[in-house]
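A short write-up of the structure that comes next.
Protein chains get the first letters and strands the later ones, always in sequence-line order, with residue 1 at the start of each.
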Number of protein chains: 4
Amino acid sequence: MPADDLTQRRRREIADAAALTFAEQGYHATGIADIAQRLGIGHGTFYRYFKNKRDILEYVLDEVTVRLGEVLAAEDPTSTTTVEEYRAQVERIGMGLFELFGAEPAIARLFYVEGVGADHEFSEKWMDLQGAFAAVTAAYLQNGVDRGFLPADLDIEVTSRAVNGMIFAALLAVIRDDDPAAEGERWVAGITRMMFGGIAA
Amino acid sequence: MPADDLTQRRRREIADAAALTFAEQGYHATGIADIAQRLGIGHGTFYRYFKNKRDILEYVLDEVTVRLGEVLAAEDPTSTTTVEEYRAQVERIGMGLFELFGAEPAIARLFYVEGVGADHEFSEKWMDLQGAFAAVTAAYLQNGVDRGFLPADLDIEVTSRAVNGMIFAALLAVIRDDDPAAEGERWVAGITRMMFGGIAA
Amino acid sequence: MPADDLTQRRRREIADAAALTFAEQGYHATGIADIAQRLGIGHGTFYRYFKNKRDILEYVLDEVTVRLGEVLAAEDPTSTTTVEEYRAQVERIGMGLFELFGAEPAIARLFYVEGVGADHEFSEKWMDLQGAFAAVTAAYLQNGVDRGFLPADLDIEVTSRAVNGMIFAALLAVIRDDDPAAEGERWVAGITRMMFGGIAA
Amino acid sequence: MPADDLTQRRRREIADAAALTFAEQGYHATGIADIAQRLGIGHGTFYRYFKNKRDILEYVLDEVTVRLGEVLAAEDPTSTTTVEEYRAQVERIGMGLFELFGAEPAIARLFYVEGVGADHEFSEKWMDLQGAFAAVTAAYLQNGVDRGFLPADLDIEVTSRAVNGMIFAALLAVIRDDDPAAEGERWVAGITRMMFGGIAA
DNA sequence: TATGAATGAGTGTTCATTCAT
DNA sequence: AATGAATGAACACTCATTCAT
């Protein structure tokens, strides 16, 4: 399907431009014309690839969701049998996330800041999405409990969301930093330390 | 100043109604008329108390900032000398925050969701604010390091932001829960467990 | 009628302040609140003395009309019997006008500039008023024709309006000049020269 | 430039409709919707051609200014050497002006009445413009003085403004008359008679 | 009588979306 | 398929006017 391919490429181009512009100016402050101008196309053309303005935000955020999913799916939640293995796994996942968003800070900013309150319906969806990510994290924790290398009384739901909350904070910091790579490493170290021993030890 | 008092009360009334409506419908989807209608006042009256639509958002968010500050300032960062004391302090602060936002989930939702991307300029301010809160948290950690009950090599900047990230996740969960009080307690337990021992032990 | 007197004084005060503000900022750009503030009164008070915003414009302009009428009525159109007498009369009238408006340039500005297009209905009235003034001027010219010291074939209607047009131009110049008195004299000289001999002789 | 041409034509159409409506109802009483309705276009279309409401007033008045300038520039101020030639020239200029405005009385009305006080900033501009026109008239008088066919002691500044004042009065009368052409001729006769001999001779 | 808080009609302007070319 | 001219719904904001105190 070459036609479909072309369409997909065009969608991607437009989505990228839109994401960049949304991240720079904010969702509501961005006009369709701004996006079109950035690409050097007529703004009517936009509507040949996306149903409306909201549609593109949804597309971009779905894309991010997929990519996030890919990073998380690169690891198998049930593959670890010891704390050490899990810790190493957490570090890999963390580095993966920071690489993903470090490479495209605009996407991260859009996903975690500019897009959040763009639209009330979307806010709801976004919060649901946080739940979905928590579920993935929860799967890792559940594996630890099942395998016995994490305590049986661990509050998995709360803990998984707490871990994601730390990651959220990390991303916010990483994308604003001049050296995202180094900052990412600091955060991986800080978060794993917290997770596997707390701050006191 | 009775006139000033009346003005302040009116501002508070309008701000409350605005916060509620923003939280329910989103900032951009809310019209000044919606806020006025909720109060049963003419929409022109709004402008006697606030300069414009953005002004009220800023007012509400500044108010939240102040209240958050009050919760944090209720404790003295340098008053603890042992891990146990600090842990108790963290629990008190946590409960305070969940009480604050549990009582007014709309405010929390506005502050952490609907308001975030309302306006690009505000997004920036919001991110700066997260830094300010992190600085407060950092003061507690610094005290621990200085007193010797937290390790000297603790990455205070990263850890303080990570803690705040957990709190953020907690608030998101608490305000969506049917029983905010119970949920809050779960979170305090979960977060302190993570902080003071990690998930593994 | 002391009450009436007080009311009249108050109306005058408000009208003066309004005229000043209209002249400074323009009719539409001036709010009732601006006028009230200038007087240090509540803006609700305004409505105790004038029906509405338009009413005050009308009042001010009627007042000017009356005063203009007084200047013109100070002379008797039928009293002159020779060109020399008429010329002297014209000079007196001219000086009177320049004194009137030179003393209150704001009134002149309001009457001839800011107020002109304030309101379509008023534009019409204003143009009619020009006709009324022309009629007064015409009476002088008619006297000259009747007495024989002005030519019988003089186009009185056109000429009277033309004379008024010169006066209009004069006022515009006089009120913008640093030394209205001197400027006024120049204009009286210029206009009478034009009238009684043309520019060529 | 066909695109540009189309744009220019559209601007002209809209400007014409606007001028007509301004002249009929007054500047402030005219809404953008009124102008659009007159043209049978959507009122959003207006903003594709003009930045805002004030912009179109400025455009129309600048256009009038240019056209007035063309009428005045059709003659060469230095080309006349005798009073007779100058008088003929004045008659030609006068007829040109009356033709210009007689053909489009709405424009004249807008320029000399409805637009004058539309906006305080514009009032200022308008008064400056009167000065500019006076300067043109002054050039003709100066030529007469230089050539010796006008007296050396003529107050050129005052006289030029006085002449323009007569023209102003003339236009006001001509555009309100049922037969503008005939009325124009009367005025040319009346004004030239005044200028070249005064009313008495 | 004076006030100023409250009001809401009115309007300029924006911009997502459509559709004829 | 691409365009951009046209559109009008939607909304923030102003301010003349009213009226309870």
Side-chain angles (χ1 to χ4, degrees), chain A residues 3 6-7 10 14 27-37 39-57, chain B residues 3 6-7 9-10 14 27-37 39-56, chain C residues 3 6-7 10 14 27-37 39-57, chain D residues 3 6-7 9-10 14 27-37 39-56:
Chain A
L6 197 64
T7 297
R10 218 88 169 79
I14 294 174
Y27 175 73
H28 280 102
T30 297
I32 295 297
D34 296 327
I35 301 170
Q37 197 174 33
L39 289 166
I41 64 172
H43 66 273
T45 307
F46 172 92
Y47 288 89
R48 298 195 58 75
Y49 294 93
F50 291 95
K51 219 176 66 206
N52 52 37
K53 190 181 174 184
R54 209 183 171 282
D55 193 30
I56 205 171
L57 180 63
Chain B
L6 200 64
T7 296
R9 207 173 319 158
R10 217 89 170 77
I14 295 173
Y27 175 74
H28 279 101
T30 297
I32 296 297
D34 296 327
I35 300 170
Q37 199 174 29
L39 288 166
I41 64 172
H43 66 271
T45 306
F46 172 92
Y47 290 93
R48 291 188 55 76
Y49 295 92
F50 292 95
K51 222 176 64 209
N52 52 38
K53 191 181 174 184
R54 206 182 176 282
D55 193 30
I56 205 170
Chain C
L6 196 63
T7 296
R10 217 88 168 80
I14 294 174
Y27 175 73
H28 280 102
T30 297
I32 296 296
D34 296 327
I35 300 168
Q37 197 176 33
L39 288 167
I41 64 171
H43 66 272
T45 307
F46 172 92
Y47 288 90
R48 298 195 59 75
Y49 294 93
F50 291 95
K51 220 176 66 205
N52 52 38
K53 190 180 174 184
R54 207 182 174 284
D55 192 30
I56 205 172
L57 180 63
Chain D
L6 199 63
T7 296
R9 208 174 318 159
R10 216 89 171 78
I14 294 174
Y27 175 73
H28 280 102
T30 297
I32 297 297
D34 297 327
I35 300 169
Q37 201 173 29
L39 288 166
I41 64 173
H43 66 273
T45 305
F46 172 91
Y47 288 92
R48 292 188 54 77
Y49 295 93
F50 292 94
K51 221 176 66 211
N52 51 39
K53 191 181 174 184
R54 205 181 177 283
D55 192 30
I56 205 171

Grab the stems for DNA chain F, please: at least three consecutive Watson-Crick or wobble pairs, both distances below 3.5 Å, written as range with range.
->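 Expected stems, ordered by start: E:2-21 with F:2-21.
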What is the separation between atom [atom1] on [X] and atom [atom2] on [N], rounded to the nearest whole Å?
X: C/Lys53; N: F/dC15; atom1: NZ; atom2: P; answer: 8 Å
X: D/Ile14; N: F/dT7; atom1: CD1; atom2: P; answer: 10 Å
X: C/Phe50; N: F/dT17; atom1: CZ; atom2: P; answer: 13 Å
X: C/Asn52; N: F/dT18; atom1: CG; atom2: P; answer: 8 Å
X: B/Asp34; N: F/dA10; atom1: CG; atom2: P; answer: 13 Å
X: D/Ile56; N: E/dG12; atom1: CD1; atom2: C1'; answer: 13 Å
X: C/Leu39; N: E/dG4; atom1: CG; atom2: C1'; answer: 16 Å
X: C/Gln37; N: E/dT3; atom1: CD; atom2: P; answer: 13 Å

Could you walk me through whether A/Arg10 and A/Ile41 pass the side chain to side chain contact (heavy atoms under 4.5 Å, CB included) check?
-> CA-CA 11 Å; A/Arg10 218 88 169 79; A/Ile41 64 172; 3.9 Å; yes
Check nucleotides 2-6 of chain F for protein N or O atoms closer than 3.5 Å to its own N or O atoms and list the pairs.
unit_1 : atom_1 : unit_2  : atom_2 : d
F/dA2  : OP2    : A/Tyr49 : OH     : 2.7
F/dT3  : OP2    : A/Gly42 : N      : 3.2
F/dT3  : OP2    : A/Thr45 : OG1    : 2.4
F/dG4  : N7     : A/Gly44 : N      : 3.1
F/dA5  : OP2    : D/Arg48 : NH2    : 2.3
F/dA5  : O5'    : D/Arg48 : NH2    : 3.2
F/dA5  : N6     : A/His43 : NE2    : 3.2
F/dA6  : OP1    : D/Arg10 : NE     : 2.9
F/dA6  : OP1    : D/Arg10 : NH2    : 3.2
F/dA6  : OP2    : D/Tyr49 : OH     : 2.4

Check the pair B/Leu39, B/Phe46 against side chain to side chain contact (heavy atoms under 4.5 Å, CB included), reporting the backbone distance first and the verdict last.
-> CA-CA 10 Å; B/Leu39 288 166; B/Phe46 172 92; over 6 Å; no
Got a second to check how far [X]'s [atom1] is from [Y]'s [atom2], nearest 0.5 Å?
X: D/Ile35; Y: D/Ile14; atom1: CD1; atom2: CD1; value: 9.0 Å
X: D/Phe50; Y: D/Thr45; atom1: CZ; atom2: OG1; value: 12.5 Å
X: D/Gln37; Y: D/His43; atom1: CD; atom2: NE2; value: 11.0 Å

For the residue pair B/Lys53 and B/His28, what are the closest heavy atoms and their distance?
->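 Answer, listing the atom of B/Lys53 first, then B/His28: NZ-O, 3.8 Å.
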Minimum heavy-atom separation for B/Tyr47 to B/Asn52, with atom names?
->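 What the structure gives for the nearest pair is CE2-CA, 4.0 Å.
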Between B/Ile32 and C/Arg54, name the one whose nearest nucleotide on DNA chain F is closer to the 5' end.
->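 Nearest-nucleotide comparison on DNA chain F picks B/Ile32.
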Verdict with supporting geometry, A/Ile56 and A/Tyr49, side chain to side chain contact (heavy atoms under 4.5 Å, CB included) | CA-CA 9 Å; A/Ile56 205 171; A/Tyr49 294 93; over 6 Å; no
